[in-house]
Amino acid sequence: GESVGLHLPTLSVQEGDNSIINCAYSNSASDYFIWYKQESGKGPQFIIDIRSNMDKRQGQRVTVLLNKTVKHLSLQIAATQPGDSAVYFCAENRMDSSYKLIFGSGTRLLVRP
Amino acid sequence: DAGVTQSPTHLIKTRGQQVTLRCSPKSGHDTVSWYQQALGQGPQFIFQYYEEEERQRGNFPDRFSGHQFPNYSSELNVNALLLGDSALYLCASSPGRGLRYGYTFGSGTRLTVV
């Protein structure tokens, strides 16, 4: 079936520490993945994406890792800040169903001051 | 450069009524997708509109319908509202060549059915 799930529903980290949010996907045909951040009362905000021909991609303070062997991806946030507190979603896209994203249920990141 | 604009931001409807939600895409985008996000869950794809036609549809009943206008804006209509239709409805716009070239969400319309 279609599913993109997350291992941890809530993650609490100390300000300044690194955060790692994990996601598992079920369909090996998925070849494009996006991480989104959603703050209360707002729509999902694009963070970073990765295609299946890559294992790692870096942005500003964020890194996405893709392990196709075990169908797992992670989002690493360096030096986590209070403004990073939000719900994070991974989403997958497949070439055979290229017009939609399939989202997981999300992980809430809480940053302790 | 305006992003995706949705209206209204909030509304309350009674079970059995009909509702229309509106979306204006980001400048330069001609494709509009609609998602339903229940509380505490990830968004679920409803359908996508391109060139004024529904291009793909998710697993939603026919009570959910849409329309796209020549200026690329779009409407989502839901008939015979159920309590379970209470959710945040998100609109996302993208270029016609594909969502991998840019996919922008609006802030959503919070629909409450009582």
Side-chain angles (χ1 to χ4, degrees), chain A residues 1-10 21-27 30-54 57 64 73 75 86-109, chain B residues 3-10 21 23-26 29-51 53-60 66 68 87-110:
Chain A
E2 300 180 341
S3 69
V4 177
L6 299 177
H7 297 158
L8 301 174
T10 303
I21 301 172
N22 297 302
C23 176
Y25 62 96
S26 61
N27 196 310
S30 296
D31 62 348
Y32 179 65
F33 304 89
I34 307 175
W35 279 101
Y36 284 96
K37 172 186 180 182
Q38 188 173 25
E39 298 174 283
S40 181
K42 298 184 179 180
Q45 177 187 356
F46 175 93
I47 301 173
I48 192 168
D49 60 357
I50 188 168
R51 298 176 188 264
S52 60
N53 61 351
M54 304 172 68
R57 190 164 189 223
V64 55
L73 68 160
L75 176 70
V87 177
Y88 290 79
F89 295 96
C90 63
E92 67 177 288
N93 179 242
R94 308 169 190 172
M95 283 300 295
D96 63 349
S97 183
S98 61
Y99 303 128
K100 68 177 181 181
L101 291 175
I102 300 169
F103 284 81
S105 57
T107 292
R108 180 172 299 280
L109 177 63
Chain B
V4 177
T5 305
Q6 292 188 243
S7 64
T9 56
H10 299 81
L21 311 181
C23 172
S24 293
K26 180 180 178 179
H29 287 181
D30 57 7
T31 302
V32 174
S33 301
W34 287 92
Y35 288 79
Q36 180 194 67
Q37 186 176 22
L39 196 63
Q41 298 183 19
Q44 299 291 312
F45 177 80
I46 302 175
F47 43 53
Q48 183 183 87
Y49 276 83
Y50 173 69
E51 293 188 339
E53 292 193 356
E54 184 182 291
R55 182 154 72 171
Q56 187 175 14
R57 187 179 186 91
N59 188 25
F60 279 81
Q68 187 179 33
L88 179 68
Y89 288 85
L90 294 163
C91 170
S93 72
S94 54
R97 57 182 174 157
L99 63 86
R100 302 182 185 195
Y101 297 92
Y103 206 67
T104 304
F105 282 89
S107 293
T109 294
R110 172 70 63 186

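Every chain is numbered from 1, with letters handed out A, B, ... down the list of sequences.
Taking each heavy atom of A:Leu101 and B:Tyr35 in turn, the nearest pair found is N-OH, 3.0 Å. A:Lys100 and B:Gln56 get closest at one heavy-atom pair: N-OE1, 3.8 Å. Nearest heavy-atom pair, B:Leu90 versus A:Pro44, reported as atom, atom and distance to 0.1 Å: CD1-CD, 3.7 Å. Shortest non-hydrogen contact noted between B:Arg100 and A:Arg94 is NH2-C, 3.8 Å.
Your options are B:Gln41, B:Gln6, B:Gln44, and the one with the most heavy-atom pairs under 4.5 Å with chain A is B:Gln41.
Proximity to chain A (any heavy atom under 4.5 Å) is restricted, for B:Gln37, to the side chain, taken from C-beta onward. Looking at B:Gln48, only its side chain comes within 4.5 Å of chain A, counting heavy atoms on both sides. For B:Phe47, no part sits under 4.5 Å from any heavy atom of chain A, backbone or side chain. Proximity to chain B (any heavy atom under 4.5 Å) is restricted, for A:Gln38, to the side chain, taken from C-beta onward.
Shown here is B:Asn59, whose CG atom has no more than 12 heavy atoms of other residues, nucleotides or ligands within 6.0 Å.
Taking the six-membered ring for Trp, B:Tyr50 and A:Tyr99 have ring centres at least 6.0 Å apart.
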